Every structure is written in C-alpha cells, then in structure tokens.
2 protein chains.
Amino acid sequence: MPAATQITEKTYSIGQVAKMFDLSIPTLRYYDQEGLIPHLQKTPAGIRRFTQDNIDAVRVIGCLKSAGMPIKEIQIFMQKVEQGDATLNDRLAMFLRLKKQVEQQMQALQNTMDMIDFKCRYYGQAVQDGTEKYVKKQMPLSSLVLPSNNK
Amino acid sequence: MPAATQITEKTYSIGQVAKMFDLSIPTLRYYDQEGLIPHLQKTPAGIRRFTQDNIDAVRVIGCLKSAGMPIKEIQIFMQKVEQGDATLNDRLAMFLRLKKQVEQQMQALQNTMDMIDFKCRYYGQAVQDGTEKYVKKQMPLSSLVLPSNNK
DNA sequence: GCTTGACCTAAAGTTAGCTTTAGGTACTAT
DNA sequence: ATAGTACCTAAAGCTAACTTTAGGTCAAGC
C-alpha cells in the first residue's frame with residue numbers, strides 16, 4: 001500500500017459542465033445554491049469542482065425537470081440523497097410515483113397529438129377546397145372523440 | 001320561409017365554460033383579453049356569451065398549451081383564424097410544424113421515462129440490499145445509454 | 001507587472017401565466 | 001325593494017426559474 005492513498009478523482013469546472021449539458025453557468029450556480037447538487041465541493045479559493053457523482057446529479061436534475069418536477073421537489077429529493085441509505089425507500093417511492101405521473105403525461109401528449117393530426121387533416125382539406133366553409137361542417141371538432149379516462 | 005330568420009345559436013356563460021374545461025373564470029377572461037378567443041361576443045350589458053365556435057377555440061387553446069406553445073404564439077394563430085380563408089396555408093403549416101415539435105417532445109418524454117425506469121430498478125435493488133453501496137458500482141448511471149438523435 | 005479569461009458572490013431584474021383585489025353592474029327570487 | 005348570485009373592468013400582485021448586473025479574486029502567459 002502507498003503511504004498516501006489519495007485517490008484524486010477527475011473533476012470538471014463549472015464551464016465544462018455547462019457545455020456538457022448546454023446549460024448556462026448561472027443556471028448551474030443557481031442549482032447549487034438551491035441545494036440541487038449534493039456534495040458539490042469547492043477549492044480553498046472557492047471554485048466549484050464537479051465530480052462524476054455531481055455530473056450524474058445534474059443529469060438527474062434534467063430528467064426530473066423534463067418530467068415537470070419543480071425545483072423545490074427536486075431539492076427535497078436531493079436532500080434525501082444527501083441523507084444516505086436511510087432514505088432509500090423514500091427515493092424508490094418517489095420514482096414510482098413519478099413513473100405514474102409521466103405515464104399520464106405521455107397519454108396527455110398523445111391526446112394533443114391526436115388533436116394536431118386532426119387539425120392537419122382538417123386544414124389539408126381546407127387548403128384543397130380553398131375555404132374552410134365545407135370542411136367546417138364535414139369535420140366538426142366534436143368528431144374528435146377524447147379517449148375515455150381509464151383508471 | 002319565416003319572415004325573421006334569426007337563428008339564435010345556443011350560447012354559454014363564462015362560468016359554464018370554466019366548469020366544462022376546469023379553468024378559472026379569470027383565466028378565461030385573460031385568454032379573451034389576450035385575443036385567444038376569436039369572435040367572442042358580449043351582450044349589450046357587457047356579458048360574454050360563448051358560442052360553440054368559441055368553446056372549440058378554448059379546446060384548441062388547451063391543446064396548443066399542452067403542446068408547450070406560449071400564449072403569444074397562440075395569439076398569432078388565433079389572429080390568423082380571425083383573418084379567414086386567406087390564412088389557411090399558414091395555419092396548416094403551423095400545425096405541421098407543431099406535429100414535429102410534439103413528436104420530439106414524445107421522444108424526450110420517453111427518454112425521461114427510461115431514466116425513471118432505470119432509477120426504479122436501481123432503488124429497488126438498493127432497498128433490497130439495504131444500501132446503495134453495491135448497486136452504485138454495478139449499475140452506474142453511465143450504463144443508461146441515451147438514444148442516438150436520429151434526424 | 002499587467003492583461004486576459006475563467007471563476008466567484010450578492011442582489012436586483014425579468015418573463016410568463018395567471019390570480020387577487022377593489023369597486024361596480026345586472027338579473028333572480030323572496 | 002332588497003338580498004343573493006353571477007357577471008364586469010382595471011390594476012396590482014404573485015411564483016417559478018432563471019438572467020443580469022456590479023464588483024471582485026485568481027492563475028497563466030507575455
């Protein structure tokens with residue numbers, strides 16, 4: 001064994017991380033300020049150094065955000081991450097809940113897509129006719145039935 | 001033929017429409033103010049009366065919003081609706097563009113779902129192990145490959 | 001030794017999309 | 001006629017998620 005077993009992990013500057021994720025530097029600082037990046041360290045001079053774990057956290061933030069989760073809730077999740085193994089159950093429960101929410105979002109987006117497809121057909125015909133007059137009666141919006149909300 | 005052919009279409013109050021779509025009354029007024037509801041009429045006393053067309057417009061607003069379209073753009077679209085048949089091409093083009101955007105959103109949401117599924121498996125194992133220690137090495141986040149961005 | 005570029009903090013500013021407030025009008029039933 | 005309910009406008013207020021501003025540190029290269 002070496003006398004000084006200091007495994008200095010590779011780290012990245014805030015600018016490098018910003019480019020990786022196409023985020024602005026102030027945004028990353030804001031995330032840090034809000035406690036969204038567990039265990040993010042600074043050099044004695046006060047410069048942030050991102051470890052792989054920190055980078056993974058930024059990736060998870062992106063995921064949670066695109067699932068529509070507000071910053072405050074992401075904060076709560078990251079606090080649980082900081083608390084270690086005692087919160088594993090909570091974190092699993094959180095992702096299971098999130099999965100259901102995202103399933104609903106996908107269904108909602110599919111409904112939106114159905115409406116858009118309808119409108120594409122509608123306006124496709126209207127453009128052919130040169131007027132909306134005929135298509136308006138033959139393809140009323142009411143002919144687009146919303147899918148039953150199966151629970 | 002009757003002497004006075006006044007086809008008085010059935011109309012709805014703002015409160016009724018609010019309930020139909022589960023929107024607040026101020027929200028509907030705000031939409032009207034922003035010009036999102038073409039041809040919305042008021043009684044001489046200034047009370048809004050929603051025709052079927054107006055109600056269809058509210059439904060379309062909901063669709064465009066859930067497609068992530070900002071109010072300002074919905075406004076532009078509704079202005080084209082008000083301009084009549086001359087803008088049919090524009091409106092078709094708009095929905096075709098929107099369709100592509102929503103396809104991308106669905107792909108993004110699928111990626112989010114993949115991450116969530118991964119985290120469910122990850123924390124499921126961690127909970128079984130009683131610690132994150134082992135699963136962290138065996139299932140690093142990097143093992144979740146992002147799908148190639150096929151154009 | 002001085003300029004350049006990347007970083008820092010604290011605090012104020014911005015934008016979207018509503019919501020709330022304050023004060024008033026108009027049918028509806030008792 | 002008066003109480004209640006639903007509607008109205010104009011304007012101010014609110015929240016989230018950043019962004020911008022102002023002023024400063026630090027290490028590297030010329």
Side-chain angles (χ1 to χ4, degrees), chain A residues 8 10-37 40-51 54-55 57-79 101 105 108 112, chain B residues 8 10-37 40-51 54-55 57-79 101 105 108 112:
Chain A
T8 41
K10 184 173 182 197
T11 61
Y12 300 82
S13 73
I14 196 168
Q16 291 174 311
V17 178
K19 271 175 199 158
M20 273 179 219
F21 291 98
D22 199 24
L23 292 172
S24 75
I25 289 173
T27 295
L28 281 171
R29 287 207 269 251
Y30 167 73
Y31 287 167
D32 181 29
Q33 197 177 289
E34 296 299 306
L36 265 45
I37 309 171
L40 177 53
Q41 307 272 70
K42 293 182 187 178
T43 66
I47 310 282
R48 274 168 269 249
R49 298 303 322 184
F50 288 72
T51 65
N54 298 147
I55 290 169
V58 174
R59 201 169 149 196
V60 172
I61 293 167
C63 162
L64 297 179
K65 268 178 53 68
S66 69
M69 187 179 284
I71 299 291
K72 289 254 166 89
E73 268 181 67
I74 300 177
Q75 188 187 101
I76 290 167
F77 172 74
M78 292 302 184
Q79 278 164 9
Q101 285 174 30
Q105 284 178 48
T112 298
Chain B
T8 42
K10 185 174 184 194
T11 61
Y12 300 82
S13 72
I14 195 169
Q16 291 175 312
V17 177
K19 270 175 198 157
M20 273 179 219
F21 290 99
D22 199 26
L23 292 171
S24 75
I25 289 173
T27 297
L28 281 170
R29 287 207 268 250
Y30 166 74
Y31 287 169
D32 180 29
Q33 196 177 290
E34 296 299 307
L36 265 46
I37 310 173
L40 177 53
Q41 307 272 70
K42 293 182 186 177
T43 67
I47 310 281
R48 274 168 269 248
R49 298 301 323 183
F50 288 73
T51 64
N54 297 146
I55 291 169
V58 174
R59 202 170 150 196
V60 171
I61 292 167
C63 162
L64 298 179
K65 267 178 53 66
S66 70
M69 187 179 285
I71 299 291
K72 289 256 166 88
E73 268 180 67
I74 300 178
Q75 188 186 100
I76 290 166
F77 172 75
M78 292 301 184
Q79 278 164 8
Q101 286 175 28
Q105 284 178 48
T112 298

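Since this is a predicted model, take the numbers as computed values, not measurements. In the text below, chain A, chain B and the rest are named by the order of the sequence lines, each starting its count at 1.
In this structure, OH of A:Tyr30 is placed 18 Å from P of C:dG13, rounded to the nearest angstrom. The distance between atom CG of B:Leu28 and atom P of D:dC7, rounded to the nearest whole Å, is 11 Å. Following rounding to the nearest Å, A:Ile71 (CD1) and D:dA16 (P) show an atom-to-atom distance of 10 Å.
Here B:Lys65 reaches the OP1 or OP2 of C:dC18: one of its side-chain N or O atoms lies under 4.0 Å away. Proximity of A:Arg29 to the phosphate of C:dA11: no side-chain N or O atom is located under 4.0 Å from OP1 or OP2. When the side-chain nitrogen and oxygen atoms of B:Lys42 are compared with OP1 and OP2 of D:dT9, one or more of them lie within a distance under 4.0 Å. Distances shown here put a side-chain N or O of B:Tyr31 below 4.0 Å from the OP1 or OP2 atom of C:dC18.
Looking at B:Asn54 and B:Thr11, their side chains never come closer than 4.5 Å, going by heavy atoms from C-beta outward. No side-chain heavy atom of B:Gln41 sits under 4.5 Å from any side-chain heavy atom of B:Thr51. Between B:Tyr31 and B:Lys65, some side-chain heavy-atom pair lies under the 4.5 Å cut-off.
Checking D:dC18, C:dC7, C:dA16 against every side-chain atom of B:Lys72, the shortest atom distance belongs to C:dA16. Of all nucleotides listed (D:dT20, D:dC7, C:dC18), D:dT20 comes nearest to the side chain of A:Pro26. Taking the side chain of B:Pro70 as heavy atoms from C-beta on, and the options C:dG17, D:dT9, C:dC8, the nearest nucleotide is C:dG17.
Of the two residues near DNA chain C, A:Gln33 and B:Ser24, the one whose nearest nucleotide lies more 5' is A:Gln33. Toward the 5′ end of DNA chain D lies the nearest nucleotide of A:Thr27, the other residue of the pair A:Ala45 and A:Thr27 mapping further downstream.
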